[in-house]
*Asks:* 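The structure that follows is given in the form of structure tokens.
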Amino acid sequence: MSLIKLTIKGISYSQTQSGAYALVLSEMEGTRTLPIIIGAFEAQSIAIALEKEIRPPRPLTHDLFKTFADRFSILIKQVIIHKLVDGVFYSSLICEREGVEEVIDTRTSDAIALAVRFEAPIYTYENILDKAGIYLKMDEELTIEEDLESDEEDEIEFSLDEDEKEEDYYSHLSLEELHEQLNEAVTNENYELAAKIRDEISKRS
């Protein structure tokens with residue numbers, strides 16, 4: 001069965017699962033997208049790797065893995081999302097060291113976080129896209145929330161009232177103030193807060 005190459009379309013807050021995020025992958029040559037529910041830590045790790053202006057003062061877990069792999073000449077060649085069972089995606093890392101290839105089982109969220117750092121391509125199979133893919137119009141917003149209830153990898157509780165207050169607070173700050181708050185959040189290693197501030201900055205771009 002042939003592989004279909006995917007790219008990261010974006011990450012959004014999940015409206016169906018509190019504290020979770022929707023990672024949306026899009027096929028390179030087509031209009032289907034593959035939404036996957038992931039936890040907050042993995043979402044932040046992927047976002048930080050994608051957006052170069054956020055520099056953690058200390059390495060995150062996936063950064064540490066990348067450094068470890070580089071030191072021992074381990075290359076991640078590609079990521080394959082190879083199975084979907086009961087709403088859960090299963091993935092593999094295709095690794096190589098000294099010409100020897102190994103296949104390592106991994107959570108899809110971790111696989112994507114590592115793929116971004118290694119600049120490794122992401123693939124899936126046609127039957128998975130047929131089963132879980134969603135067709136999107138080119139101008140449609142990233143609000144993929146249907147049929148995601150069983151895909152959860154992590155449950156993180158949070159207060160909706162507090163979250164709304166935070167968003168309202170940051171909406172009243174200037175861009176300069178937002179960048180200062182972003183730098184402070186990164187320095188304090190508060191990446192969840194940094195992600196929220198980054199989202200507010202992105203809205204104004």
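Residues take their numbers from the sequence shown, with the count starting at 1.
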*Asks:* Does Thr61 have any side-chain contact (heavy atoms from CB on, under 4.5 Å) partners at least two apart in sequence or in another chain, and if so, which?
*Replies:*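 Only Phe41 meet the side-chain contact (heavy atoms from CB on, under 4.5 Å) criterion with Thr61.
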*Asks:* Taking all non-hydrogen atoms of both residues into account, name the closest pair between Leu23 and Ile46 and its distance.
*Replies:*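 Closest heavy-atom pair between Leu23 and Ile46: CD2-CD1, 4.1 Å.
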*Asks:* Report the residues that fulfil salt bridge (Lys or Arg N to Asp or Glu O under 4.0 Å) with Lys77, sequence neighbours left out, ordered by chain and then residue number.
*Replies:*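 Scan of Lys77 (salt bridge (Lys or Arg N to Asp or Glu O under 4.0 Å), adjacent residues dropped) gives Glu96, Glu101.
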*Asks:* At what distance, to the nearest 0.5 angstrom, does CD1 of Ile112 lie from CZ of Arg107?
*Replies:*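 Spacing of CD1 (Ile112) from CZ (Arg107) equals 12.0 Å.
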*Asks:* Run the numbers on Ile36 and Ile81 for side chain to side chain contact (heavy atoms under 4.5 Å, CB included), then give the verdict.
*Replies:* CA-CA 11 Å; Ile36 302 172; Ile81 303 171; 4.2 Å; yes
*Asks:* Apply side chain to side chain contact (heavy atoms under 4.5 Å, CB included) to the pair Phe118 and Asp70, showing each step before the final yes or no.
*Replies:* CA-CA 10 Å; Phe118 282 87; Asp70 289 344; 4.2 Å; yes
*Asks:* Tell me the closest heavy-atom pair linking Ser91 and Asp105, and the distance in Å.
*Replies:*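 Closest heavy-atom pair between Ser91 and Asp105: O-OD1, 3.3 Å.
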*Asks:* For Phe89 and Ala132, work out which heavy atoms get closest and say how close.
*Replies:*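 Closest approach of Phe89 to Ala132, heavy atoms only: CZ-CB, 3.9 Å.
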*Asks:* Which pair of heavy atoms, one from Ala20 and one from Ile37, lies closest together, and at what distance?
*Replies:*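 Reported closest heavy-atom pair: CB-CG2, 3.8 Å.
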*Asks:* Drop me the distance from Met28's CE to Ile122's CD1, to the nearest 0.5 angstrom.
*Replies:*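 Separation between the atoms: 10.0 Å.
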*Asks:* Apply the test side chain to side chain contact (heavy atoms under 4.5 Å, CB included) to residues Lys66 and Leu114: give CA-CA distance (whole Å), side-chain angles for both, the deciding distance (0.1 Å), then the verdict.
*Replies:* CA-CA 7 Å; Lys66 174 67 164 60; Leu114 292 173; 5.5 Å; no
*Asks:* Check whether any side-chain heavy atom of Ile76 sits under 4.5 Å from a side-chain heavy atom of Ile94, and report yes or no.
*Replies:*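 No, side chains not in contact.
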*Asks:* Just so I know, are the side chains of Ser45 and Arg117 near enough to count as touching, which here means a heavy-atom distance under 4.5 Å?
*Replies:*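 Side-chain contact under 4.5 Å: yes.
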*Asks:* Do you reckon Phe68 sits in the same ILVMFWY cluster as Leu75, going by side-chain contacts under 4.5 Å, direct or chained?
*Replies:*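 Shared cluster, no.
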*Asks:* Who pairs with Val85 by side-chain contact (heavy atoms from CB on, under 4.5 Å), at least two apart in sequence or on another chain?
*Replies:*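 Partners of Val85 by the side-chain contact (heavy atoms from CB on, under 4.5 Å) criterion, ordered by chain and then number, come out as Lys83, Tyr90.
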*Asks:* Taking only residues two or more places apart in sequence or in another chain, which ones pass side-chain contact (heavy atoms from CB on, under 4.5 Å) with Pro121?
*Replies:*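 Pro121: side-chain contact (heavy atoms from CB on, under 4.5 Å) contacts with Lys5, Gln78, Tyr123.
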*Asks:* Under the side chain to side chain contact (heavy atoms under 4.5 Å, CB included) rule, what do Val79 and Leu93 come out as? Steps first, then yes or no, please.
*Replies:* CA-CA 5 Å; Val79 166; Leu93 296 175; 3.6 Å; yes
*Asks:* side-chain contact (heavy atoms from CB on, under 4.5 Å) with Ala43: which residues, sequence neighbours excluded?
*Replies:*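 Only Ile11, Tyr21, Ile38 meet the side-chain contact (heavy atoms from CB on, under 4.5 Å) criterion with Ala43.
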*Asks:* Measure across Ile74 and Arg97 and return the closest heavy-atom pair with its distance rounded to 0.1 Å.
*Replies:*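 Residues Ile74 and Arg97, closest heavy atoms: CG1-CD, 3.7 Å.
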*Asks:* Test of understanding: with side chain to side chain donor-acceptor pair (under 3.5 Å), list the residues that count as partners of Ser26, not counting sequence neighbours.
*Replies:*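 Result, side chain to side chain donor-acceptor pair (under 3.5 Å) vs Ser26: none returned.
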*Asks:* Is Arg32 salt-bridged to Asp130, going by a charged N under 4.0 Å from an acidic O?
*Replies:*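 Salt bridge present between Arg32 and Asp130.
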*Asks:* Show the nearest heavy-atom pair for residues Leu64 and Pro59, with the distance to one decimal.
*Replies:*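 In terms of heavy atoms, the two residues are closest at N-CB, 4.2 Å.
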*Asks:* Can you measure from CG (Leu129) to OG1 (Thr124) and round to the nearest 0.5 angstrom?
*Replies:*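 Taking CG in Leu129 and OG1 in Thr124, the distance rounds to 5.5 Å.
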